[in-house]
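See structure below.
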Amino acid sequence: MRYLFPDDYMADPSVHVFKGKLFIYPSHDRESEFAENDNGDHFDMKDYHAFSLEDADNGQVKDHGVILDVKDIPWAGRQLWDSDVACKKGKYYLYFSLKDKNDIFRLGVAVASRPEGPFKPQNDPIRGSYSIDPCVFEDKGEYYIYFGGIWGGQLQRYKDNKALESGGTFPANGEPAICPRVAKLSADMLQFAEEPRPVVILGKDGKPLTQGDTEKRFFEASWMHKYNGKYYFSYSTGDTHLLCYAIGDNPYGPFTYHGVILTPVVGWTTHHSIAEYKGKWYLFHHDSVPSGGKTWLRSLKVTELKYNSDGTIQTINGGGG
Ligand code: FUB
């Protein structure tokens with residue numbers, strides 16, 4: 001396990017292979033005037049950088065500089081959180097989480113002709129989008145966007161894709177947990193092509209995980225990858241600080257919970273992506289060791305990820321409490 005970019009604080013890495021290299025799209029952490037709270041106000045990020053890497057085991061990342069700045073996004077309020085990038089027909093699409101001028105998280109899109117940007121933002125967020133942490137996954141020529149995060153990520157404020165007048169609520173412990181969402185993207189990659197659907201995660205008993213399953217249920221940080229024809233949906237359990245995964249037979253799920261990828265790291269949040277490169281699989285993630293445990297100042301890490309012969313993932317020790 002090694003740090004990728006000691007020069008600055010970066011978090012939430014989304015990683016893809018473009019043009020034969022690994023491209024890393026992290027959040028850019030910074031000190032802000034906001035104290036740490038459950039709303040995540042202390043994550044007050046203002047721009048994104050892109051990084052590339054040619055040797056995942058020993059290589060140095062190349063910093064391509066700022067690829068998008070909040071001041072250039074017409075609908076911006078504050079807080080550039082997790083993002084992801086997809087490539088279609090030689091164009092690159094950066095999907096990002098940002099609060100609008102009413103302090104509501106939406107998903108935005110910015111477009112570039114190169115993976116290292118710069119990215120030009122659309123004038124408005126994706127129609128009907130809400131919450132945070134977009135992850136875009138291509139399968140058989142179709143692109144799917146996964147998203148959502150509870151607490152400061154505002155997912156609890158929505159039901160059936162409509163904002164709740166009550167301002168949001170959590171299920172009781174024995175009730176099904178709040179689900180992340182997935183929608184196919186439009187052919188131009190700029191909108192949802194359909195109403196977002198819940199991503200249902202089942203326990204081994206075949207029943208949806210409940211709100212009380214705090215060490216297994218979804219909190220934030222969706223990622224999707226395919227391994228041996230199966231679909232692996234992975235995510236953070238948030239307040240229990242685990243990265244978990246669930247396996248399904250298609251991009252929509254349902255997915256069955258299978259276990260822990262990464263035990264807690266130092267720092268409150270845990271977030272990741274999984275990519276195959278030069279015949280090996282890697283977990284990209286972050287922790288707060290270099291900042292002395294400041295949860296809003298996180299650092300990028302990479303480590304090899306290994307599968308067992310039955311397709312399960314070997315749990316990695318995050319080194320936290
Ligand atoms: O970086 C801000 C937020 O922290 C992300 O959107 C979450 O997934 C968590 O890592």
Side-chain angles (χ1 to χ4, degrees), residues 5 8-15 24-32 34-49 68 70 76-85 94-100 103-108 125 129-136 145-157 178-181 199 217-224 233-245 261-262 264-274 283-291 293-301 318 320:
F5 190 61
D8 202 350
Y9 296 112
M10 301 276 165
D12 308 330
S14 294
V15 178
I24 306 168
Y25 301 94
S27 305
H28 185 186
D29 283 356
R30 60 184 282 275
E31 283 284 8
S32 78
F34 296 103
E36 189 171 355
N37 61 23
D38 282 354
N39 217 22
D41 286 329
H42 47 301
F43 296 114
D44 186 33
M45 295 85 104
K46 293 191 183 298
D47 64 25
Y48 295 116
H49 285 227
L68 181 65
V70 73
R78 61 183 183 131
Q79 294 183 290
L80 274 176
W81 283 14
D82 170 56
S83 67
D84 194 14
V85 172
L94 169 69
Y95 299 86
F96 55 90
S97 323
L98 175 67
K99 281 181 179 162
D100 65 15
D103 235 24
I104 305 295
F105 267 117
R106 309 274 178 211
L107 304 179
S129 68
Y130 53 91
S131 199
I132 59 165
D133 288 4
C135 158
V136 177
I145 184 165
Y146 299 83
F147 64 94
I150 61 176
W151 291 22
Q154 304 180 343
L155 186 60
Q156 69 280 1
R157 298 187 185 182
I178 295 173
C179 294
R181 311 287 205 263
V199 176
R217 59 96 179 93
F218 173 85
F219 189 103
E220 63 187 3
S222 298
W223 189 254
M224 172 61 74
F233 179 75
S234 47
Y235 53 95
S236 161
T237 60
D239 53 343
T240 51
H241 317 289
L242 299 166
L243 287 179
C244 293
Y245 70 107
I261 299 173
L262 185 71
V265 295
V266 170
W268 199 95
T269 69
T270 187
H271 195 122
H272 72 303
S273 58
I274 294 169
L283 177 76
F284 292 83
H285 68 105
H286 66 228
D287 72 20
S288 296
V289 171
S291 69
K294 288 183 181 165
T295 211
W296 60 95
L297 295 179
R298 301 161 292 180
S299 295
L300 294 179
K301 296 184 91 172

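Because only heavy atoms are used, hydrogens play no part in the values below, and waters and symmetry mates are left out as well, while side chains stay in. Note that the numbering runs from 1 along the sequence shown for the chain. Here the structure is a predicted model, which means the values were calculated and not measured. Read the numbers this way: they start at 1 and go in the same order the structure lists the ligands and their atoms.
- For the pair Trp81 and ligand 1, the shortest N or O to N or O distance does not fall below 3.5 Å.
- Residue, atom and distance of the protein heavy atom nearest to atom 1 (O) of ligand 1 are Asp12 OD2, 2.5 Å.
- For ligand 1, the atoms lying closer than 4.0 Å to a non-hydrogen atom of Asp82 are 6 (O).
- Heavy-atom distances between Met45 and ligand 1 reach below 4.0 Å in at least one pair.
- Counted by atom type alone, His42 and Thr295 present zero donor-acceptor pairs between their side chains at under 3.5 Å.
- Of the N or O atoms in Thr270, none lie within a sub-3.5 Å distance of an N or O in ligand 1.
- Between the Ser273 side chain and the Val15 main chain, a donor and an acceptor come within less than 3.5 Å of each other.
- For an aromatic pair to be called close, the ring centres must be under 6.0 Å apart, and Phe219 with Trp268 satisfies this.
- Between Trp296 and Phe34, the distance separating the two ring centers is not shorter than 6.0 angstrom.
- The shortest N/O to N/O separation between Arg298 and ligand 1 falls below 3.5 Å.
- When only interatomic distances are considered, the shortest N/O to N/O separation between Asp133 and ligand 1 falls below 3.5 Å.
- When hydrogens are left out, the protein atom nearest atom 9 (C) of ligand 1 is Glu220 OE2, 3.4 Å; that is the closest non-hydrogen contact.
- Between the side chain of Asp29 and the backbone N or O of Arg298 there is at least one donor-acceptor pair closer than 3.5 Å.
- Note: Tyr146 and Phe233 have tilted aromatic rings, judged against thresholds of 30 and 60 degrees for the angle between ring planes.
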